[in-house]
Amino acid sequence: MQSIMRLVILGAPGAGKGTQAVILSKKLQIPHISTGDIFRSNIKNETPLGKLAKQYIDSGALVPDEVTVGIVKDRLAEPDCINGFILDGFPRTIRQAETLDRMLEELGTKLDMVIDIEAGDDIIIKRLTGRRVCPECTAIYHLRTSETARRGICEKCGAKLIQREDDSEETVKNRLKTYHDQTEPLISYYEGKGLLVRVGGEGSAADTTAEIYQVLGLTE
Ligand code: AMP
């Protein structure tokens, strides 16, 4: 039985957090919690939260901590998180990380590991501007590597693929700046707690998965 199950996946936008979180969530049978996906689903459904979040997301800024923290708190209290979870895209600031520590303490638990997926800015810019996503089932494709992306129809659910508005080059550059200013300090934060493990994010998704499986002691 796998014992490490409360995980955070860190990394710049486009490092591959979402892709790896989906794979791990299936493998470990624990929920994948993506704050970005939660915001996008609210934007799609035109909820008040979606309207608020959109202003920040479209410019590459972070949604305010007060808003984001509440969403994660509610999600972590749901029963399916009892056996673990994979947080993808949260925390993104030191303040969020400290709040997460407190939330988990209140729930009588703590993080087991923080996996940092490392990739340089140049690779990320190429990757994100060529990314195409399914607005229905959130599947992710890339123009360079995927015939499906070039065809523009999701192979999982048949919906028309889109480019996320925040994947335009200008917004990607803003997102990277936001990452370096506000999220990168989390690497030292978690290193100081002895929780951080680094894996490479510049190769293929399969290479990164293999490294993650190795650090988690999982077999293919
Ligand atoms: P992602 O899909 O994780 O790249 O998130 C897309 C966007 O949602 C980010 O660029 C932020 O604007 C917003 N967002 C996602 N997670 C957070 C978070 N933990 N704190 C603040 N903003 C967030």
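Both counts, for ligands and for their atoms, begin at 1 and track the order of listing.
Looking only at protein heavy atoms, the nearest one to atom 21 (C) of ligand 1 is V63 O, 3.2 Å. The protein atom (non-hydrogen) at minimum distance from atom 7 (C) of ligand 1 is I57 CG1, 3.9 Å.
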For this session: Test side-chain contact (heavy atoms from CB on, under 4.5 Å) on L111 and L104 and set out the steps.
Result: CA-CA 8 Å; L111 291 176; L104 293 176; 3.8 Å; yes
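The F90 neighbourhood of ligand 1 comprises atoms 19 (N), with distances under 4.0 Å to a heavy atom of that residue. Distances below 4.0 Å separate heavy atoms of T68 from the following atoms of ligand 1: 18 (C), 19 (N), 20 (N), 21 (C).
For ligand 1, the polar-atom distance check against T35 finds a nitrogen or oxygen pair separated by under 3.5 Å. For a threshold of 3.5 Å applied to N or O pairs, the pair formed by A61 and ligand 1 contains at least one separation below that value. The shortest N or O to N or O distance between G89 and ligand 1 is under 3.5 Å. Considering backbone and side-chain N/O atoms, R40 comes within less than 3.5 Å of an N/O atom of ligand 1. By the 3.5 Å distance cut-off applied to N or O atoms, R175 is counted among the residues near ligand 1. Considering backbone and side-chain atoms together, L62 places no N or O closer than 3.5 Å to any N or O of ligand 1.
The existence of a salt bridge linking R75 and E78 is confirmed by a sub-4.0 Å separation between a basic side-chain nitrogen and an acidic carboxylate oxygen. Looking at E136 and K44, a side-chain N of the basic residue comes within less than 4.0 Å of a carboxylate O on the acidic one, giving a salt bridge. Here R102 does not pair with E98 in a salt bridge; the nearest charged N to carboxylate O distance is not below 4.0 Å.
Residues T209 and Q20 bring a donor and an acceptor atom of their side chains to less than 3.5 Å of each other. Remark: the D65 side chain and the T93 side chain contain an N/O donor-acceptor pair separated by less than 3.5 Å. D101 and Y189 form a side-chain donor-acceptor contact under 3.5 Å, judged by distance and modelled atom types alone.
Residue F39 holds the heavy atom nearest to atom 23 (C) of ligand 1 of all those in F39, Y56, Y179. For atom 9 (C) of ligand 1, the nearest non-hydrogen atom from the set R92, R164, Q96 belongs to R92.
More than 12 heavy atoms of other shown residues, nucleotides or ligands fall within 6.0 angstrom of atom CD in E147.
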